[in-house]
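Note that the coordinates shown come from a computational prediction; the quantities given were computed from them, not determined experimentally. Side-chain atoms are counted along with the backbone in the values below, which use heavy atoms only and exclude waters and symmetry mates. In this chain, residues are counted from 1 in sequence order.
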Amino acid sequence: MKAVFLDRGTFSKNIDLPAPAGVTDYVTYDDTPKDSDLIIERSQDAEIIFTNKVQIGAEVIAKLPKLKLIQLTATGMNNVDQEACKEYNVTLYNVAGYAVKSVPEHTFMLMLNAMRAGIHYHQKVADGTWQDNGNFCLLDISLVDLEDKTLGIIGVGTIGKRVTDIARAFGMKVLWAEHQGRTPRNDDYTAFDEVLATADVISLHCPLNDDTKHLINQDTLAKMAKKPLLVNVARGGIVDSQALTDAINNEQIMGYASDVFEQEPVTKDDPLLSISDHPRVIFSPHNA
């Protein structure tokens with residue numbers, strides 16, 4: 001049985017990823033560019049494709065008659081045409097319970113840095129501003145504690161629940177947002193718009209699909225009455241980048257802390273880069 005790993009390079013070389021049992025022909029590539037013909041060429045005789053982020057559309061799946069399984073090495077499934085998989089009888093799996101320690105911890109790294117202006121103050125030490133100021137401590141941007149703040153979580157899967165546990169350890173009140181436009185399914189959930197209106201911090205942990213594309217947009221940002229910090233460790237496409245940038249510039253929200261972008265690597269013309277110097281904005285390169 002032949003298997004091909006199209007983007008082994010998205011994992012550290014220090015991580016051992018041997019061929020799965022039963023695979024006799026295992027070919028790995030560090031990276032496979034966004035080229036349908038090249039994806040087809042590399043996968044032509046494979047029964048199994050492993051991939052993390054390679055885009056596999058219907059035109060690729062249709063030309064791989066031997067393909068039986070696409071195994072994603074992450075949780076997100078938006079990079080594969082799921083309808084085409086059904087049409088051509090290709091099984092599609094993701095990794096359940098993926099990064100259940102790493103992503104929640106990264107969430108709080110981003111959250112704390114933004115709430116306490118961590119990057120801003122690091123730079124003030126490094127560039128000599130603090131020394132020139134001469135005071136025992138420098139405090140030109142307020143430090144905001146997490147304790148007693150309300151955290152709204154959009155996307156209550158394994159990761160969202162772990163974020164809940166950590167938030168409560170910080171002394172935060174946690175609200176789980178029901179799907180937009182739906183009545184809360186039980187007492188554990190709060191109406192979507194109510195979460196937007198009452199949260200001091202909103203953290204995104206939902207998948208990217210037709211329902212969540214640009215879920216955070218001009219209209220939903222306008223409902224965030226408490227001017228919260230927004231944290232995104234889900235997918236870049238859940239947030240309308242221009243609307244978010246405008247909201248920061250217009251002081252509609254406190255800040256933005258994100259590990260993800262609509263295009264990755266982030267493009268030079270992404271409007272979010274224009275707010276990268278904001279004291280409550282912090283970015284990481286999809287490594288949570």
Side-chain angles (χ1 to χ4, degrees), residues 51-58 61 70 72 74-87 90-100 103-104 107 151-164 174-199 201-225 228-247 252-253 256-264 270-272 286 288:
T51 183
N52 188 356
K53 297 290 183 271
V54 173
Q55 298 284 332
I56 301 178
I61 296 170
I70 298 175
L72 296 169
T75 300
M77 303 176 73
N78 57 292
N79 55 316
V80 176
D81 190 319
Q82 297 179 47
E83 292 303 315
C85 286
K86 294 176 184 177
E87 180 179 351
V90 175
T91 300
L92 174 65
Y93 285 139
N94 64 349
V95 180
Y98 174 78
V100 294
V103 172
T107 299
L151 171 65
I153 294 180
I154 298 176
V156 190
T158 303
I159 289 174
K161 289 176 180 176
R162 178 58 183 155
V163 170
T164 298
V174 179
L175 300 178
W176 288 354
E178 184 53 85
H179 291 175
Q180 187 178 32
R182 297 186 189 177
T183 301
R185 67 197 76 178
N186 56 43
D187 291 342
D188 291 334
Y189 287 81
T190 301
F192 183 83
D193 283 357
E194 184 178 343
V195 171
L196 296 187
T198 58
V201 182
I202 295 173
S203 194
L204 303 176
H205 302 282
C206 52
L208 176 61
N209 53 41
D210 290 342
D211 292 330
T212 62
K213 174 71 173 178
H214 286 183
L215 179 68
I216 305 302
N217 54 47
Q218 185 176 12
D219 292 337
T220 50
L221 285 162
K223 296 177 181 179
M224 298 180 184
L229 169 71
L230 186 68
V231 182
N232 188 2
V233 290
R235 285 290 184 267
I238 295 169
V239 174
D240 181 328
S241 296
Q242 187 60 62
L244 191 286
T245 300
D246 293 342
Q252 284 181 268
I253 61 173
Y256 185 53
S258 183
D259 184 53
V260 289
F261 296 85
E262 291 205 60
Q263 296 295 322
E264 295 173 338
D270 192 312
L272 291 173
H286 203 139

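A heavy-atom distance below 4.5 Å is not found between the side chains of Val103 and Thr75. Residues Thr107 and His205 form a side-chain contact, since some pair of their non-hydrogen atoms from C-beta on lies under 4.5 Å apart. Proximity of Arg185 to Glu178: side-chain heavy atoms (C-beta onward) are separated by under 4.5 Å at one or more points. With a 4.5 Å cut-off on side-chain heavy atoms, Leu229 and Ile202 do not count as touching. For the pair Gln82/Leu92, a side-chain contact is recorded, criterion being any heavy-atom separation below 4.5 Å from C-beta on. Annotation: side chain of Ser258 is not in contact with side chain of Leu272 (no heavy-atom distance under 4.5 Å). Looking only at side-chain heavy atoms (C-beta outward), Tyr256 and Thr245 stay at 4.5 Å or farther from each other. Contact annotation: the side chain of Ile216 approaches that of Leu221 to within less than 4.5 Å [non-hydrogen atoms, C-beta and beyond].
The minimum heavy-atom distance linking Thr220 with Leu196 is given by the pair O-CD1, 3.7 Å. Smallest separation of non-hydrogen atoms from Ala197 and Ala225: O-CB, 3.6 Å. Contact record, Ile153 with Gly160: CD1-O, 3.4 Å, taken as the closest heavy-atom pair. Taking both residues in full, the closest heavy atoms of Ile61 and Ala84 are given as CD1-CB, 3.8 Å, listed atom of the first, atom of the second, then distance. Of all heavy-atom pairs spanning Ala74 and Asn52, the tightest one is CB-OD1, 3.5 Å. When all heavy atoms are compared, the tightest approach of Ala177 to Phe192 is CB-CD1, 4.3 Å.
Panel note: side chain Asn79, backbone Val54; a donor-acceptor pair is recorded below 3.5 Å. The main-chain N or O of Ala288 is found under 3.5 Å from a side-chain atom of Asp259 such that the two form a donor-acceptor pair. Using modelled atom types, no side-chain atom of Ser241 and backbone atom of Pro271 make a donor-acceptor pair closer than 3.5 Å.
With Cys206 as reference, Ile154 is the one residue of Ile154, Val156, Asp211 to meet the side-chain contact (heavy atoms from CB on, under 4.5 Å) rule.
Rounding to the nearest 0.5 angstrom, the gap separating the CG atom in Asp270 from the CD atom in Glu262 is 7.0 Å. Separating the CG atom in Asp193 from the CE atom in Met224 is a distance of 10.0 Å, to the nearest 0.5 Å. Atoms CG and CG, on Leu175 and Leu151 in that order, are 8.0 Å from each other to the nearest 0.5 Å. We find the CD1-CG distance between Ile238 and Leu215 to be 7.5 Å, quoted to the nearest 0.5 Å. Within the model, atoms OG1 of Thr183 and CG of Asn186 stand 12.0 Å from one another, a figure rounded to the nearest 0.5 Å. The distance from the CD atom of Gln55 to the CG atom of Asp81 is 10.5 Å, given to the nearest 0.5 Å.
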### Task
For the pair Lys161 and Trp176, evaluate side-chain contact (heavy atoms from CB on, under 4.5 Å) and give the outcome as yes or no after the intermediate values.
CA-CA 9 Å; Lys161 289 176 180 176; Trp176 288 354; 4.1 Å; yes
### Query
Is there a side-chain contact (heavy atoms from CB on, under 4.5 Å) between Val260 and Val239 once you walk through the steps?
CA-CA 10 Å; Val260 289; Val239 174; over 6 Å; no
### Task
Test side chain to side chain donor-acceptor pair (under 3.5 Å) on Gln242 and His214 and set out the steps.
CA-CA 10 Å; Gln242 187 60 62; His214 286 183; over 6 Å; no
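In this structure, Arg182 places its CZ atom where only 12 or fewer heavy-atom neighbours from other residues, nucleotides or ligands lie under 6.0 Å away.
Salt bridge Arg235/Glu264: absent, no basic N to carboxylate O contact under 4.0 Å.
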